[in-house]
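Here the structure is laid out as structure tokens; the discussion comes afterwards.
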Amino acid sequence: MIRTQSLKKKKNFCPLCFALWALLLLSSCAFPRIIILKDPLTPEEHLNLGVAYEKQGELDAAMKEYKLAAKKLPGAYLYIGNVHFQKKEWDEAERNYQKVISQEPQNADAANNLAWLYYTKKENLDQAETLARKAIELNPVKEKIYRDTLEKILQEKKAGKL
């Protein structure tokens, strides 16, 4: 007698379990879930992806990748500055070049690019000359590139004095 009652309880329990399981399944499908994924790319990979986008002229996509890289890689601000330069957003380009220089004082490319920005804007030419000379001193391997910047600045300064 006791055994029969126990089996009856099991019969009644199973439909209840099924109903709860079905309710749980339906409720999990009905509500949107927020899933936070860890970024699978490294900062260097974001930087490389940004360079690829930039080469294809997709500056906004490049900027997005550079900004993701800049969270952990301060040198990425140089690339952000370059995109702003291409968009003729001079103040933003200058701010990003200066950010790189303040965080990585030995970054010759940032010094050269800021010098080139000043040359392009035809302002701060004395500071541009100092930056171009510093770039040559910091990275003699790229002297030819940096010297071109310096020579353009010196020509502009000379033309301005005439």
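Around the NZ atom of K121, the shell of radius 6.0 Å holds more than 12 heavy atoms that belong to other residues, nucleotides or ligands. Residue Y79 qualifies as open at atom OH: its count of foreign heavy atoms under 6.0 Å is 12 or below.
Side-chain contact check for K157 versus D126: some heavy-atom pair is nearer than 4.5 Å. E65 has its side chain out of reach of L47: every pair of non-hydrogen atoms, C-beta onward, lies at least 4.5 Å apart. The shortest distance between side-chain heavy atoms of Y146 and L150 does not fall below 4.5 Å. Side-chain contact between D60 and K87 is present, with heavy atoms from C-beta onward closer than 4.5 Å. The closest side-chain heavy-atom distance from E54 to Q86 is below 4.5 Å.
A salt bridge links E129 with R133: the distance from a Lys NZ or Arg NE/NH1/NH2 to an Asp or Glu carboxylate oxygen falls below 4.0 Å. A salt bridge does not link E137 to K134: none of the charged nitrogens lies less than 4.0 Å from a carboxylate oxygen.
Partners of N107 under the side-chain contact (heavy atoms from CB on, under 4.5 Å) rule, at least two apart in sequence or in another chain, are L78, V100, E104, D109, A110.
Considering every non-hydrogen atom in both A115 and A128, the closest pair reads CB-O, 3.3 Å. Across all their heavy atoms, T42 and E45 have their closest contact at N-OE1, 2.7 Å. Nearest heavy-atom pair across A108 and A135 is O-CB, 3.5 Å. Smallest separation of non-hydrogen atoms from L131 and A111: CB-O, 3.5 Å. Nearest heavy-atom pair, K72 versus P43, reported as atom, atom and distance to 0.1 Å: CB-CG, 3.7 Å. Taking both residues in full, the closest heavy atoms of Q103 and P74 are given as OE1-CB, 2.8 Å, listed atom of the first, atom of the second, then distance.
To the nearest 0.5 Å, atoms CG (N82) and CG (L117) are separated by 10.0 Å. For the atom pair L138 CG and N112 CG, the distance stands at 10.5 Å (nearest 0.5 Å). To the nearest 0.5 angstrom, R147 atom CZ is 13.0 Å from I145 atom CD1. Here the CG atom belonging to L59 is positioned 8.0 Å from the CE atom belonging to M63, to the nearest 0.5 angstrom. One finds the OG atom of S102 at 15.0 Å from the OH atom of Y97 (value rounded to the nearest 0.5 Å). Atom NZ of K88 is separated from atom OG1 of T120 by 8.5 Å, given to the nearest 0.5 angstrom.
When the side chains of ILVMFWY residues are joined at heavy-atom separations under 4.5 Å, either directly or via intervening members, V83 and I101 end up in a single hydrophobic cluster. Residues I80 and V51 share a single hydrophobic cluster, defined by chaining ILVMFWY side chains whose heavy atoms lie under 4.5 Å apart.
Under 3.5 Å, the side chains of H46 and D39 contain a donor-acceptor pair of N or O atoms.
Alongside L41, the hydrophobic cluster contains L49, Y53 (criterion: ILVMFWY side chains under 4.5 Å). Grouping Ile, Leu, Val, Met, Phe, Trp and Tyr residues whose side-chain heavy atoms lie under 4.5 Å apart, directly or via other members, leaves L68 alone, with no other cluster members.
Judged by a 6.0 Å distance limit and a 45° cone about the ring axis, K152 is not positioned over the six-membered ring of Y119.
Classified by interplanar angle (parallel below 30°, tilted 30° to 60°, perpendicular above 60°), the ring pair F85/W90 is perpendicular.
Each of E94, E89, R95 was evaluated against H84; a single residue qualifies, E89, per the side-chain hydrogen bond (donor to acceptor under 3.5 Å, both in side chains) test.
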